[in-house]
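This report refers to the structure that appears directly beneath it.
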Amino acid sequence: MDRKYNVAILGATGAVGTRMIQQLEQSTIPVKNLKLLASSRSAGKQLQFKGRSITVEEATPESFDGVDLVLSSAGGSVSKKFLPEAVKRGAVCVDNTSAFRMEPNVPLVVPEVNEDALKNHHGIVANPNCSTIQMVVALEPIRQAFGLKQVIVSTYQAASGAGQSALNELKRETQDYLDGRDIRGDAQILPTKGDKKHYPLAFNLLPQIDVFEDDGYSHEEWKMIHETKKIMLNDMNATDIKVTATCVRVPVPIAHGESVYFTVDDPTITVDQLREVLQGAPGVVLQDDPAHQIYPQPLNAVGKRDTFVGRLRADAENPGSFNMWVVADNLLKGAAWNTVENAECLVKDHLI
């Protein structure tokens, strides 16, 4: 008889946590028991899984006794507190926070790109940043076919990437603006809770995601640069691929867009060759028909697991360089689905 797994979801009541429950329902993972864990504020809530109600419990170290698999999206400090406890008790954890991403002994995994890295886990697997995930899904088949020298990415990131509170703030600001009120002094969340000033996102663009580093890059930009290198080259400081990023928060509820400029090793490659490679790439849906105005849009990506790619075109000034537009649901492929997909691979490959 096939083995069934005792699963816990840490951060079960959040925007990503509730989607993890839905993705787990639809996954191939045989679940014996499901435990839903959150803070004391959320304990006692009832959530549905496969037609039955499960009571949310307050997370404690003992919550992980007897658990085989943990899916976590409760914030970095919570992951650092509880996931080592879960590993001590025999669980394998897939973490959707920044807590362990750059730890050398923790695989940073997007299954379409580097599933083999799961074999090197020591109890914890890290989910990359949402903006990194969709970009590497689109770039990896190109890298495998033609090599990759350089990536310049500009992101258009949805409010929900900063959490439910940021999404709520965008909705409130939008209504206030439409009602004729001045919204410039009302922001409390964005661009980031961790910085001194806050600005409205409604009818605005914020070229800051996370805090700024000493070199002028935001931490989100730093993550995209170094996560891409770790995922593709297994070295966060590798120089074989040059990566730079500009990350911008836009007044879109869900689904990130990215303008990706990249250079391949072979300057003779054509757009048609790129399309052919992307057409059959895992996790990629090609929407690239400018003559009929067909291209990826955040509104159409919401609720879907795929990464959508379009606006493929060559840089006429620089042979071997190209532009493309990449869109994905940041709460699904960028978070909940990539987490569950990693867990599916762990189960499939008998790594739990």
Side-chain angles (χ1 to χ4, degrees), residues 10-11 16 61 64 67-137 139-140 143-144 148-151 153 194 209-215 217-245 247 334-335 338-352:
L10 179 62
V16 174
F64 302 97
V67 171
D68 304 305
L69 171 65
V70 178
L71 309 176
S72 174
S73 190
S77 60
V78 176
S79 288
K80 284 181 177 177
K81 177 180 178 181
F82 286 117
L83 296 196
E85 293 291 339
V87 173
K88 278 184 202 172
R89 290 163 167 79
V92 175
C93 308
V94 185
D95 183 42
N96 185 54
T97 77
S98 60
F100 302 100
R101 287 174 186 158
M102 289 305 162
E103 295 290 329
N105 63 339
V106 175
L108 185 66
V109 183
V110 179
E112 294 88 345
V113 179
N114 63 332
E115 181 184 337
D116 281 353
L118 292 171
K119 295 172 183 172
N120 302 318
H121 83 75
H122 300 279
I124 297 175
V125 172
N127 223 36
N129 190 39
C130 48
S131 50
T132 305
I133 289 173
Q134 66 188 66
M135 184 176 76
V136 298
V137 167
L139 282 174
E140 180 63 9
R143 185 179 81 92
Q144 291 290 343
L148 190 62
K149 293 166 68 174
Q150 184 176 28
V151 179
V153 59
I209 300 179
D210 213 324
V211 296
F212 286 110
E213 307 287 349
D214 291 340
D215 60 4
Y217 281 79
S218 71
H219 192 56
E220 183 85 356
E221 292 158 354
W222 184 94
K223 285 187 279 191
M224 288 199 77
I225 292 164
H226 295 285
E227 287 180 10
T228 299
K229 292 170 183 255
K230 182 175 179 181
I231 294 163
M232 288 184 164
L233 303 172
N234 199 32
D235 177 0
M236 64 176 277
N237 295 309
T239 57
D240 294 5
I241 302 174
K242 293 178 171 60
V243 185
T244 192
C247 294
N338 200 77
T339 304
V340 173
E341 190 181 13
N342 272 325
E344 278 192 343
C345 293
L346 289 166
V347 169
K348 170 177 63 79
D349 298 333
H350 306 289
L351 295 171
I352 299 178

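Only a predicted model underlies this, so the values are computations on that prediction, with no experimental measurement involved. Worth knowing before you read on, the calculation uses all heavy atoms, side chains too, and leaves out hydrogens, waters and symmetry mates.
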With the threshold set at 4.0 Å, does a side-chain nitrogen-carboxylate oxygen contact exist between [X] and [Y]?
X: Lys230; Y: Glu227; result: no
X: Lys149; Y: Asp240; result: no
X: Glu115; Y: Lys348; result: yes

Working to the nearest 0.5 angstrom, can you tell me the gap between [X] [atom1] and [Y] [atom2]?
X: Leu69; Y: Leu346; atom1: CG; atom2: CG; result: 7.0 Å
X: Asn114; Y: Ile231; atom1: CG; atom2: CD1; result: 6.0 Å
X: Ile225; Y: Met236; atom1: CD1; atom2: CE; result: 10.5 Å
X: Asp95; Y: Asn342; atom1: CG; atom2: CG; result: 11.0 Å
X: Leu351; Y: Leu118; atom1: CG; atom2: CG; result: 6.5 Å
X: Asn234; Y: Asn120; atom1: CG; atom2: CG; result: 7.5 Å

Minimum heavy-atom separation for [X] to [Y], with atom names?
X: Cys247; Y: Glu221; answer: N-OE2, 2.9 Å
X: Lys229; Y: Ala238; answer: NZ-O, 2.6 Å
X: Met224; Y: Ala245; answer: CB-CB, 4.2 Å
X: Lys223; Y: Thr132; answer: O-OG1, 4.1 Å
X: Pro128; Y: Val109; answer: CD-O, 3.4 Å
X: Asn338; Y: Asn127; answer: ND2-OD1, 2.6 Å

Student check: side-chain heavy atoms of [X] and [Y] closer than 4.5 Å:
X: Ser72; Y: Ser79; result: yes
X: Cys93; Y: Val87; result: yes
X: Asp349; Y: Lys119; result: no
X: Phe100; Y: Pro84; result: yes
X: Arg89; Y: Val67; result: no
X: Ser98; Y: Asn129; result: no
X: Ile241; Y: Leu233; result: yes

Item to check | Stepwise side-chain contact (heavy atoms from CB on, under 4.5 Å) check, Leu83 with Val70 | outcome: CA-CA 8 Å; Leu83 296 196; Val70 178; 4.0 Å; yes
Next on the checklist: For a side-chain contact (heavy atoms from CB on, under 4.5 Å) check, start with the C-alpha distance between Glu140 and Glu112, then their side-chain angles and the critical distance, and finish with the verdict.
Outcome noted: CA-CA 8 Å; Glu140 180 63 9; Glu112 294 88 345; over 6 Å; no
Quick check against the 3.5 Å criterion: does [X] have a side-chain atom that pairs as donor or acceptor with the backbone of [Y]?
X: His121; Y: Ala126; result: no
X: Arg101; Y: Leu108; result: no
X: Arg143; Y: Val136; result: no

Item to check | Check: Asp210/Ser218 side-chain N/O donor and acceptor closer than 3.5 Å | outcome: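 Result is no, nothing qualifies.
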Next on the checklist: Please verify the inter-ring angle class for His226 with Trp222; under 30° counts as parallel, over 60° as perpendicular, anything in between as tilted.
Outcome noted: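 The arrangement is tilted - the two ring planes meet at 30° to 60°.
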Item to check | Intermediate values then yes/no, side-chain contact (heavy atoms from CB on, under 4.5 Å), His122 and Val106 | outcome: CA-CA 7 Å; His122 300 279; Val106 175; over 6 Å; no
Checklist entry - What do you reckon, is CZ of Phe212 surrounded by more than 12 foreign heavy atoms closer than 6.0 Å? => result yes
